[in-house]
Each structure stands twice: as structure tokens, then as C-alpha cells.
Amino acid sequence: MDAAFLDSAYPRWRQNAGLTPAEHPGADLNVQGTSGDGDLGYPVVAVAEGRVVHARAHKVWGQIVLLEHDLPGLGRFWTQYAHLLFAVVREGDWVMAGEPVGSIGKGDPVRPFLAHLHWEVRRSPIPPDAWPGTNRAYIQEHYLDPVAFVRQNYSPARRYYRAGVVLFNPTRQELGPGVVNLERPDQAQVALRRL
């Protein structure tokens with residue numbers, strides 16, 4: 001991790017980079033074992049099933065994908081994936097946990113960073129390119145620590161793959177799209193859903 005949620009070193013890093021000091025409302029992540037641009041283009045996947053509410057390019061941020069989630073036990077929250085090289089989803093798409101949303105990029109091509117993913121978990125539906133600056137209280141009210149969020153809520157049973165479902169009972173019936181649990185390949189766990 002290059003910069004953690006509310007990382008105490010982040011304001012100084014920004015100042016040394018010629019940027020105005022600010023708090024960090026997300027986590028800057030790289031693929032383990034890479035440095036520089038070693039993970040440029042590496043896939044970025046959704047951490048939970050949800051709907052794509054935003055997928056566009058922005059100054060500084062580069063490509064942003066913002067997902068809205070509403071899950072049993074977790075309620076409503078948003079995850080944002082920023083500095084993407086490109087997005088592979090469109091607004092209105094439904095994605096499952098583990099499904100690609102884009103790839104690690106460098107942000108705005110006018111003033112690129114080293115390749116990394118800026119990832120946020122939000123409690124509120126704030127604009128995709130919002131930047132809270134030095135307002136730590138705002139961050140604590142509207143954002144969650146993404147790494148802590150995953151540690152607390154990750155469930156292998158939530159990793160799925162979207163697939164066409166065919167049922168043989170006793171004749172072939174194509175049921176359309178469905179999702180298959182990837183964590184238990186020894187058991188058939190198919191949930192049908194109208195997408």
C-alpha cells in the first residue's frame with residue numbers, strides 16, 4: 001500500500017510533490033511485489049456486487065468507476081476505483097464481486113502519477129471526483145477505511161462469476177444469466193437473478 005486511509009504521511013507527501021496538503025480518504029494500492037509502473041494495466045475488480053453509477057474520465061483522477069452497493073447486513077455503501085487506465089463497465093451495469101471494472105492506471109495523462117489504484121469506500125452518495133482536502137471530520141463522516149472494511153466484511157461465499165445457466169430437467173432449458181459461487185467448486189451453488 002502506498003498511502004493508507006487518513007495516512008499521517010500523506011499531507012507531507014503531497015506538499016513535497018508540489019500539491020496542496022490534504023488528508024487521504026482512500027487507500028492507494030499496488031500489486032504486491034511491483035514498483036513504479038510494474039502493475040500498469042493490471043485488472044481491478046469489484047469488491048462486492050453492485051450497480052455502476054459512474055464510469056468516466058476526470059482531470060487528475062483519470063478514469064473513475066463508482067459502484068453503489070446495497071447488501072444484506074452491510075446496507076447501502078459505495079466503492080470508488082480511481083486512476084484507472086480504462087474502465088470495462090458502463091453506467092447502469094450490474095457487477096458481481098470479483099468481476100473486472102477496469103485496470104490500474106496513472107490518473108490524468110496531463111500530470112500522471114506512478115501506476116496505482118486509488119480505492120475508496122463511502123458511506124454517502126457524494127460526487128465521484130469529490131476531494132475533501134484537509135477536512136478530516138468530513139472524511140470520518142462520509143468515508144470508511146477500505147482495508148479495514150474488507151478485513152471486517154470479506155466473505156469467500158461472496159465471490160461469484162456470471163454465467164449462462166442451462167438446466168437439464170429432463171430436457172435442456174436455457175435459464176439465462178445467473179451467478180456461480182467460485183469458492184465452492186465442489187458444490188453446485190447457482191443463484192438465478194434477472195440482470
Side-chain angles (χ1 to χ4, degrees), residues 1-17 19-50 52-55 58 60-69 71 74-87 89 95 97-108 111-155 158-159:
M1 182 176 335
D2 288 343
F5 180 73
L6 292 174
D7 192 323
S8 61
Y10 188 74
R12 188 173 47 258
W13 174 86
R14 283 183 56 91
Q15 199 165 20
N16 291 342
L19 303 167
T20 57
E23 296 289 349
H24 198 239
D28 287 350
L29 305 173
N30 287 101
V31 174
Q32 190 171 1
T34 64
S35 62
D37 290 335
D39 53 3
L40 182 65
Y42 195 87
V44 172
V45 300
V47 296
E49 76 175 83
V52 179
V53 294
H54 186 87
H58 292 264
V60 180
W61 292 94
Q63 292 284 333
I64 292 176
V65 171
L66 178 62
L67 304 179
E68 180 181 18
H69 313 274
L71 300 175
L74 298 177
R76 198 164 169 223
F77 65 98
W78 293 259
T79 56
Q80 177 161 290
Y81 310 82
H83 303 327
L84 301 177
L85 182 61
F86 57 84
V89 293
V95 296
E99 190 171 345
V101 297
S103 68
I104 292 178
K106 299 173 67 145
D108 188 345
R111 188 173 178 175
F113 303 106
L114 289 175
H116 69 280
L117 170 66
H118 175 83
W119 177 46
E120 298 174 354
V121 178
R122 298 168 166 196
R123 305 174 198 252
S124 308
I126 55 182
D129 59 353
W131 187 249
T134 57
N135 193 340
R136 192 177 185 93
Y138 182 87
I139 294 170
Q140 291 170 326
E141 181 181 347
H142 296 284
Y143 296 80
L144 296 166
D145 179 337
V147 174
F149 179 83
V150 167
R151 283 189 183 131
Q152 182 178 352
N153 297 296
Y154 173 71
S155 170
R158 292 188 182 143
R159 286 189 53 222

Do [X] and [Y] come within less than 4.5 Å of each other through their side chains, counting heavy atoms only?
{"X": "R111", "Y": "V60", "result": "no"}
{"X": "V52", "Y": "L66", "result": "no"}
{"X": "Q80", "Y": "I64", "result": "yes"}
{"X": "V47", "Y": "N153", "result": "no"}
{"X": "L29", "Y": "D2", "result": "no"}
{"X": "S103", "Y": "Y42", "result": "no"}
{"X": "V101", "Y": "V45", "result": "no"}
{"X": "P25", "Y": "W131", "result": "yes"}

**Asked** Would you say D37's side chain and L40's backbone share a donor-acceptor pair under 3.5 angstrom?
**Response**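 Such a contact is absent between D37 side chain and L40 backbone.
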**Prompt:** Does R122 reach the main-chain N or O of I126 with its side chain, forming a donor-acceptor pair under 3.5 Å?
**Reply:**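 Flag set: sc R122 to bb I126 pair under 3.5 Å.
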Rounded to the nearest 0.5 Å, what separation is found between the [atom1] atom of [X] and the [atom2] atom of [Y]?
{"X": "L67", "Y": "E49", "atom1": "CG", "atom2": "CD", "result": "11.0 Å"}
{"X": "H54", "Y": "D129", "atom1": "NE2", "atom2": "CG", "result": "7.0 Å"}
{"X": "Q63", "Y": "D108", "atom1": "CD", "atom2": "CG", "result": "10.5 Å"}
{"X": "Q152", "Y": "L74", "atom1": "CD", "atom2": "CG", "result": "8.5 Å"}

**Asked** Taking 4.0 angstrom as the limit, do E68 and R76 come out as a salt bridge?
**Response**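 Looking at E68 and R76, the cut-off is met.
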**Prompt:** For F113, does the CZ atom have more than 12 heavy-atom neighbours from other residues, nucleotides or ligands under 6.0 Å away?
**Reply:**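 It does: F113 CZ has more than 12 such atoms within range.
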**Prompt:** Any idea how H118 and W61 line up, ring-wise: parallel (<30°), tilted (30 to 60°), or perpendicular (>60°)?
**Reply:**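 Ring orientation of H118 relative to W61: perpendicular.
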**Message:** Evaluate Y81 against L117 for side chain to side chain contact (heavy atoms under 4.5 Å, CB included), listing each step before the verdict.
**Reply:** CA-CA 7 Å; Y81 310 82; L117 170 66; 3.9 Å; yes
**Request:** Test side chain to side chain contact (heavy atoms under 4.5 Å, CB included) on L71 and F77 and set out the steps.
**Result:** CA-CA 9 Å; L71 300 175; F77 65 98; 4.1 Å; yes
**Message:** What verdict does the side chain to side chain contact (heavy atoms under 4.5 Å, CB included) test give for V44 and I104, after you've listed the backbone C-alpha separation in whole Å, the side-chain angles of each residue and the deciding distance to 0.1 Å?
**Reply:** CA-CA 6 Å; V44 172; I104 292 178; 3.7 Å; yes
Only pairs under 3.5 Å count here: list side-chain donor-acceptor contacts from residues 7-14, not counting sequence neighbours, and write none if there are none.
unit_1	atom_1	unit_2	atom_2	d
D7	OD1	A9	N	2.9
D7	OD2	A4	N	3.0
R14	NE	T20	O	2.7
R14	NH2	T20	O	3.1

**Prompt:** Is the F5-H24 ring centre distance short of 6.0 angstrom?
**Reply:**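 Centroid separation for F5 and H24: 6.0 Å or greater.
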